Protein chains: 2
Amino acid sequence: MSEDRIKEILESLKSIKGVHGSAIIEKFGLIKGSALPGWVDPEAVAAMVTLVLKASQRATKELEQGQFFNAIIESAKGKILFSEVEGNVLTIIATTDAKLGIINLKLGAATEALKGLL
Amino acid sequence: MSEDRIKEILESLKSIKGVHGSAIIEKFGLIKGSALPGWVDPEAVAAMVTLVLKASQRATKELEQGQFFNAIIESAKGKILFSEVEGNVLTIIATTDAKLGIINLKLGAATEALKGLL
């Protein structure tokens, strides 16, 4: 089943050093899959995705930025990555010292694997 | 006057290859200074800042991410950088091929220069 396969792909991202977990959220906020630690509410992740997409849409409309590709929010205690996959947003929650280069590499593979499953 | 000095610092960021312009927005959306090209509405930039900060606050509240440091939104035709400076957000609008390393370097200097002026 594609749901199990999605979960498997998301779980595999946890093997990256510093990654707490990930979720895939449809652009209107529906949670399509998640592999998050117990202290993270998937609904909170979905709410963040819709806010980031709103900011991006505003940018597209007013600043002619075109289609959303990805975003990163860095805070004192962690970073959150948002990446577009066929109209959905793959969200990764990581520690401040997680290496973006490694995450982006694995993210590319995960994105490819997710295509057609969503 | 500090307003002129702020404008000067923001104008200096335009010398970076790929940077269209910048603005400094107070966290509730007040525009404290801007050096933007004519096709960019400062109010639209302010609206984006409030949305990004909302997403970040959500992250802080629910995922214990702590204080907002910075964010990047990458789209098909450009990228927008948001960076915290003493309760304000310095926003830079750039092309897709603008080098983040160089921008971050100049951003550090601009941030230092802005401190105490805001």
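What you see is a predicted model, and the numbers here were worked out from it, not measured in a lab. Proteins come first, then strands; the chains are lettered A, B, ... in the order of their sequence lines, and each starts at number 1.
Residues satisfying the side-chain hydrogen bond (donor to acceptor under 3.5 Å, both in side chains) test with B:E43, not counting sequence neighbours, are none. Residues meeting the side chain to side chain contact (heavy atoms under 4.5 Å, CB included) test with A:K115, sequence neighbours left out: A:V85, A:E86, A:T111, A:E112.
Rounded to the nearest 0.5 angstrom, B:I24 CD1 and B:S34 OG are separated by 11.0 Å. B:K32 NZ to B:L90 CG: the interatomic distance, rounded to the nearest 0.5 Å, is 12.5 Å.
Against chain A, the residues from residues 53-81 of chain B that qualify, each with a non-hydrogen atom under 4.5 angstrom away, are B:K54, B:A55, B:S56, B:R58, B:A59, B:E62, B:L63, B:E64, B:Q65, B:G66, B:Q67, B:F68, B:F69, B:N70, B:A71, B:I72, B:I73, B:E74, B:S75, B:A76, B:K77, B:G78, B:K79, B:I80 in number order.
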Side-chain donor-acceptor pairs of residues 93-102 of chain A under 3.5 Å, sequence neighbours excluded:
{"unit_1": "A:T95", "atom_1": "OG1", "unit_2": "A:G18", "atom_2": "O", "d": "3.4"}
{"unit_1": "A:T95", "atom_1": "OG1", "unit_2": "A:D97", "atom_2": "OD1", "d": "2.7"}
{"unit_1": "A:K99", "atom_1": "NZ", "unit_2": "A:D97", "atom_2": "O", "d": "3.3"}

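No hydrogens or angles considered: nothing links the side chains of B:K27 and B:N88 as a donor-acceptor pair under 3.5 Å.
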